[in-house]
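Beneath this line is the structure, given in structure tokens, with notes to follow.
Given the structure is predicted, the values throughout are model-derived calculations rather than measurements. One-based numbering along the sequence shown. For the numbers below, each heavy atom of this structure counts, side chains included, while hydrogens, waters and symmetry mates do not.
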Amino acid sequence: MEAEGGGRAAAGCLYLVDTLAGDPEVLQVDAETYYEKLLKKSSYTPDVFLIPGGEEVKLEDSCVCFVPLYRNNPTCKMLLLTDPKDKETVLAVYLNQCWWPVEDVVKTADPSRAGLIAVQTFGERIVLFVLNYIIFGKLEGRSANDAFFLPHSATECAKILWRNGEAVAFYSVKMKGSLCDGTTSQCYLLPVLDTIFVRRKYRRSGLGMKMLHDFCQSFMAEDALGISCPISAAMYQVCQKFLQTYPEEQKRLWEVEAPGDWSQRVNIWLKIQMESSPAGKAEAGFRTSKPRQSDVDQMSKGAEYIPGVGKVAGDATEKDNTAAAAGTLNSQDPEQEDLEQGAGSTQQCKGFRKRAGPGGLVGEKATKQFRIIP
């Protein structure tokens, strides 16, 4: 029997984000019920999922798994279908009683969804999860230097950039006054751009600059704004270009360690100027960053082994969301990196992080994932 291979077909001309209005708990119960039926059926005649392009994938236990939707709520999970030939490749997401191809999840038929829009609905949370955890974490961000990223928290403040009916980028912010993590009572002392990502095919079009500018414009009343440390080399390229274009922001942007007091800040423009000199480059070569134990502990607790997929977010070196995104851009020139790296330099994956070298919406600070994607 053939499973519904296109959620869009099942919903007429609308996509998941346009139609998903049910109770998240009810949707999860539906997914769990479906999974139980799938386990019983797979031993007889398994259903198949039709991949866009015509190939069929058997819906069997070895290719289906649950992963946490939110970093701070392991009980809320998403049912994913992985490629039997490559368990790290996610093919579809199960919601609303059907399978949705990954590319359909990040599309919309609503013409009013255009530009940067704050994440508010459950459907938009799903889109953020797919962009962050699946597309960046598993499909477009994989390389020897990349790490798995933890999903955002259930209350993460983020914006998704929509273009031509598709979610092409996003960024998230740790809000001033929000908790740094679940293990301390420390709160952020300034708004901090935490993660940022641009899809590969939309890079080299200035979207990283666009999101960084939106972040700064969102907090005009603040004297100081942060970008999570460490910032990747690629993100630094974007910051340099941005600060050259908007010199009035040069005094406001800081690379910060949580919670961001003055002893944990480095002015980004000043650092760029220093590292452009021979003396600055020599000094920069000795700077390192260690993973925070609270991040490692939280990831270890939340990591869960999933058949065919491995740990949800357990292995990998800690990278800043900012560093991960930019990791892909390392070898390019400043202008290329802004567009080609895909705005991935700010997205510090807070679960592990790794300083990549020189290199913000509104949110809280939890385990860093890793990524950097302007």
Side-chain angles (χ1 to χ4, degrees), residues 1-70 75-110 121-140 142 151 160 165-167 199 304 306-310 312:
M1 178 180 177
E2 183 175 307
E4 294 162 31
R8 182 187 170 206
C13 62
L14 300 179
Y15 290 96
L16 181 65
V17 72
D18 304 318
T19 61
L20 193 59
D23 184 338
E25 294 183 3
V26 173
L27 293 172
Q28 180 165 329
V29 170
D30 288 343
E32 292 171 350
T33 301
Y34 169 80
Y35 181 67
E36 293 174 359
K37 293 179 179 179
L38 185 66
L39 293 180
K40 297 176 181 178
K41 184 181 294 186
S42 61
S43 58
Y44 301 100
T45 306
D47 290 341
V48 296
F49 174 77
L50 187 62
I51 300 177
E55 185 179 352
E56 293 183 349
V57 174
K58 291 183 179 180
L59 296 172
E60 299 177 317
D61 180 35
S62 61
C63 299
V64 177
C65 63
F66 282 96
V67 297
L69 174 60
Y70 303 122
T75 61
C76 187
K77 301 178 181 180
M78 296 288 296
L79 184 60
L80 308 180
L81 174 65
T82 61
D83 189 337
K85 300 175 184 177
D86 178 7
K87 300 299 183 181
E88 294 299 330
T89 298
V90 178
L91 301 175
V93 175
Y94 187 86
L95 275 169
N96 263 6
Q97 301 183 345
C98 68
W99 287 102
W100 293 81
V102 169
E103 290 297 330
D104 277 3
V105 177
V106 296
K107 291 181 180 179
T108 180
D110 183 355
T121 68
F122 180 60
E124 290 166 341
R125 291 281 167 197
I126 301 298
V127 174
L128 181 64
F129 169 83
V130 170
L131 282 174
N132 169 37
Y133 182 77
I134 297 178
I135 293 180
F136 177 74
K138 293 182 174 296
L139 301 181
E140 295 187 5
R142 291 189 299 177
I160 293 174
E166 183 177 354
R199 295 204 61 181
E304 118 184 33
I306 296 173
V309 171
V312 169

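Listed by chain and number, the residues in a side-chain hydrogen bond (donor to acceptor under 3.5 Å, both in side chains) with N96 amount to none (sequence neighbours excluded).
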(request) Using the side-chain contact (heavy atoms from CB on, under 4.5 Å) rule, take E88 and T82 through it: C-alpha gap first, then chi angles, then the decisive distance, then the call. (result) CA-CA 7 Å; E88 294 299 330; T82 61; over 6 Å; no
(request) Decide side-chain contact (heavy atoms from CB on, under 4.5 Å) for V67 and V90; before the verdict, give the C-alpha distance in whole Å, the side-chain angles of both, and the deciding distance to 0.1 Å. (result) CA-CA 11 Å; V67 297; V90 178; over 6 Å; no
(request) Would you sort out whether I134 and L80 count as a side-chain contact (heavy atoms from CB on, under 4.5 Å), showing the intermediate values? (result) CA-CA 10 Å; I134 297 178; L80 308 180; 4.0 Å; yes
(message) side-chain contact (heavy atoms from CB on, under 4.5 Å), that's the test. Do L95 and V105 meet it? Break it down for me.
(response) CA-CA 10 Å; L95 275 169; V105 177; over 6 Å; no
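At a threshold of 4.5 Å between non-hydrogen side-chain atoms, the residues L131 and R199 count as touching. Under the 4.5 Å side-chain criterion, counting only non-hydrogen atoms from C-beta, T108 is not in contact with V127. Proximity of V102 to V130: side-chain heavy atoms (C-beta onward) are separated by under 4.5 Å at one or more points. With contacts defined as side-chain heavy-atom distances shorter than 4.5 Å, the pair L27/F122 qualifies. Counting heavy atoms from C-beta outward, V64 and L79 have side chains that approach closer than 4.5 Å. D61 has its side chain out of reach of L38: every pair of non-hydrogen atoms, C-beta onward, lies at least 4.5 Å apart.
Between E55 atom CD and D83 atom CG the span is 7.0 Å, to the nearest 0.5 Å. To the nearest 0.5 Å, the span separating CG on L16 from CG on D104 amounts to 9.0 Å. Residue K58 holds its NZ atom at 12.0 Å from CG of D47, rounded to the nearest 0.5 Å. Expressed to the nearest 0.5 Å, how far CD of E56 lies from CZ of F49 amounts to 11.0 Å.
In terms of heavy atoms, Q28 sits closest to T75 at NE2-O, 2.7 Å. Residues P68 and F129 come closest through the heavy atom pair O-CE1, 3.4 Å. Minimum heavy-atom separation, Y15 to K107: CB-O, 3.2 Å. Scanning both residues, G123 and L20, for their nearest heavy atoms gives CA-CD2, 3.9 Å.
Between the side chain of D18 and the backbone N or O of A109 there is at least one donor-acceptor pair closer than 3.5 Å. A donor-acceptor pair under 3.5 Å links the side-chain atoms of K87 to the main chain of S62, judged by distance alone.
Using cut-offs of 30° and 60° for the angle between ring planes, the Y34 and W99 rings count as perpendicular.
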